[in-house]
Amino acid sequence: MSETILVVGSGAREHAIARALAHSVQRPRLLCFSGVSNPGIVALSSEYGLGSITQQEAVVSFARRHAATLAVIGPEAPLAAGVADALWAAGVPVVGPKQALARIESSKGFARDLLARYGIPGNPFFRRFTSMDGVESLLTEYANQHVIKDDGLAGGKGVKVCGDHLLSLEDSLAFCRELVAQGHPFVVEEKLEGEEFSLMSFCDGETLRHMPAVQDHKRAYEGDKGPNTGGMGTYTAADHKLPFLTDEDIGQARSINERVAAALAEECGAPYQGILYGGFMATREGVKLIEYNARFGDPESLNLLTLLESDFAAICRAIADRTLKDVPVRFSPLASVCKYLVPEGYPDQPRKGDPVHLPAELPRNVTLFLSAVDVKDHTLVATGSRTVAAVGTGASIAEAEVGCEEVVRMIPGPFFHRADIGTERAIAQRVEHMKAVRQA
Ligand code: AMP
Ligand code: GLY
């Protein structure tokens, strides 16, 4: 049967998903449904629908109208809104967990409790709150050692870290009071120290197939300075580990993902079918969990889907059919570096509407993915968020970085990127930092 695959969402992550599906030997027909138009995805799709991706009926009616045989949901918001449940109910199998299972991302307290209840290692000390009762004494006990998290999805704005965003007990109390006033439950947890990494696994509810480890860079400016962003760039190594991680770290992260998938199946009485994304920190006491996401990372997925050698459409079908153990999942033994070009002022006051001139030709080892762009009067324009991502591959991280950097620099205009991502200097600093953390 020839597939008609619906991609929900339209950032660079979904551009990478659509491109990987388009490369399948099965030549699936592609559909996309999203709130905005992404010209990179438009070029790959036979139908492109505009509408709200969190409205179940809107997504289902588009899927039905165009006879989708499979759907891949990119972002977290539709998963949290139960769009996977609605598509399954309409007879369309989905890559992306149902609402109850997506709580692993949509409720930080649920994720922490799940680990605790099933004896899965990786939790720091944590406590859940819905009022100010007991908050002050806990913040005092963990003075300068705490992180406060809005329990629900907050678009990256719900986490405040002591010493970073919270500079005094009063700052911390004020943030908690704000959350209580908004009626948002929250979690206070111990601040961890180490190096962060992402480890994602394809999951059909039983079998997990792990992807190479990736490191993201959340801060807007070089040297990890400035405000937090959705992620400015990422890298992976040719051996699919990261230079600051041990085999044991990778083993621990994989094992946590496996045990979480099993715990979710038991807790929810249903299989987790989609991408399970563990956000981890390698610490002196081993690998700890920062958070779970119920979807591909952005930009992590740009690296991973560029490196994926196996047929992505076959993997998606196997996730939906629960036959993942029977399909090959291989990534090429290359390193990769991804950098996002973003508008001046991003993330707080980004410029909007500047033309984006892409290079006419790209080196063979570099791919471009479009994100927050639109077409106005036949010109590509930036719409005010992460704009274009370049992914370079190579035998080493350094080689991948050179290709990626060269292409990002070819795009003129009032944009910026992080030149330091993937450089030997930046990576050596991370290795040194991890060495110091392990010896502390
Ligand atoms: P999240 O939205 O959960 O990814 O958190 C955003 C960022 O906050 C993470 O990428 C970490 O840098 C930081 N963070 C979250 N939890 C902790 C923690 N327990 N200890 C230290 N840093 C944390
Ligand atoms: N790269 C971080 C995220 O996708 O949440």
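Worth saying up front: this structure is predicted, and the values here are computed from it rather than measured. Computed over heavy atoms, backbone and side chain alike; hydrogens, waters and symmetry mates excluded.
- In the model, Asn365 has no side-chain atom that pairs as donor or acceptor with a side-chain atom of Thr393 under 3.5 Å.
- Seen from the ring of Phe110, Arg103 counts as a face-on cation partner, given the 6.0 Å and 45° thresholds.
- By the 4.5 Å heavy-atom criterion applied to side chains, Val7 and Ser45 are not counted as neighbours.
- Looking only at atom types and distance, the side chain of Ser201 has a donor-acceptor partner in the side chain of Asn257 under 3.5 Å away.
- Taking the centre of each ring, Phe186 and Phe175 stay at or above the 6.0 Å mark.
- Under the 4.5 Å side-chain criterion, counting only non-hydrogen atoms from C-beta, Leu114 is in contact with Leu264.
- No side-chain donor from either of His217 and Glu222 sits under 3.5 Å from a side-chain acceptor of the other.
- Within 6.0 Å of atom CZ in Arg117, more than 12 heavy atoms from other residues, nucleotides or ligands are found, so the atom counts as buried in its surroundings.
- Under the side chain to side chain contact (heavy atoms under 4.5 Å, CB included) criterion, Cys203 pairs with Leu208, Ala261, Tyr272, sequence neighbours left out.
- Environment of CD in Gln349: sparse, with no more than 12 heavy atoms of neighbouring residues, nucleotides or ligands closer than 6.0 Å.
- No more than 12 heavy atoms of other residues, nucleotides or ligands sit less than 6.0 Å from atom CD of Glu206.
- Under 3.5 Å, the side chains of Asn38 and Tyr48 contain no donor-acceptor pair of N or O atoms.
- Scanning for side-chain hydrogen bond (donor to acceptor under 3.5 Å, both in side chains) contacts around His23 gives an empty result, with sequence neighbours left out.
- Side-chain contact check for Met211 versus Phe296: some heavy-atom pair is nearer than 4.5 Å.
- Summarising the local packing, CD of Glu424 is surrounded by 12 or fewer heavy atoms from other residues, nucleotides or ligands at distances under 6.0 Å.
- Using a 4.5 Å heavy-atom cutoff, the side chains of His165 and Val159 are not in contact.
- Each salt bridge (charged side-chain N to carboxylate O under 4.0 Å, His left out) pair with one or both residues in residues 247-256, not counting sequence neighbours, appears once here: Lys241-Asp247, Asp249-Arg438.
- The closest donor-acceptor contact from the side chain of Arg209 to the backbone of Leu324 lies under 3.5 Å.
- Side chains of Arg112 and Pro124 form a contact here, defined as non-hydrogen atoms less than 4.5 Å apart.
- Counting heavy atoms from C-beta outward, Tyr118 and Glu267 have side chains that approach closer than 4.5 Å.
- With Tyr340 as the fixed residue, the side chain to side chain donor-acceptor pair (under 3.5 Å) test singles out one of Thr387, Asp298, Thr229, Thr234: Asp298.
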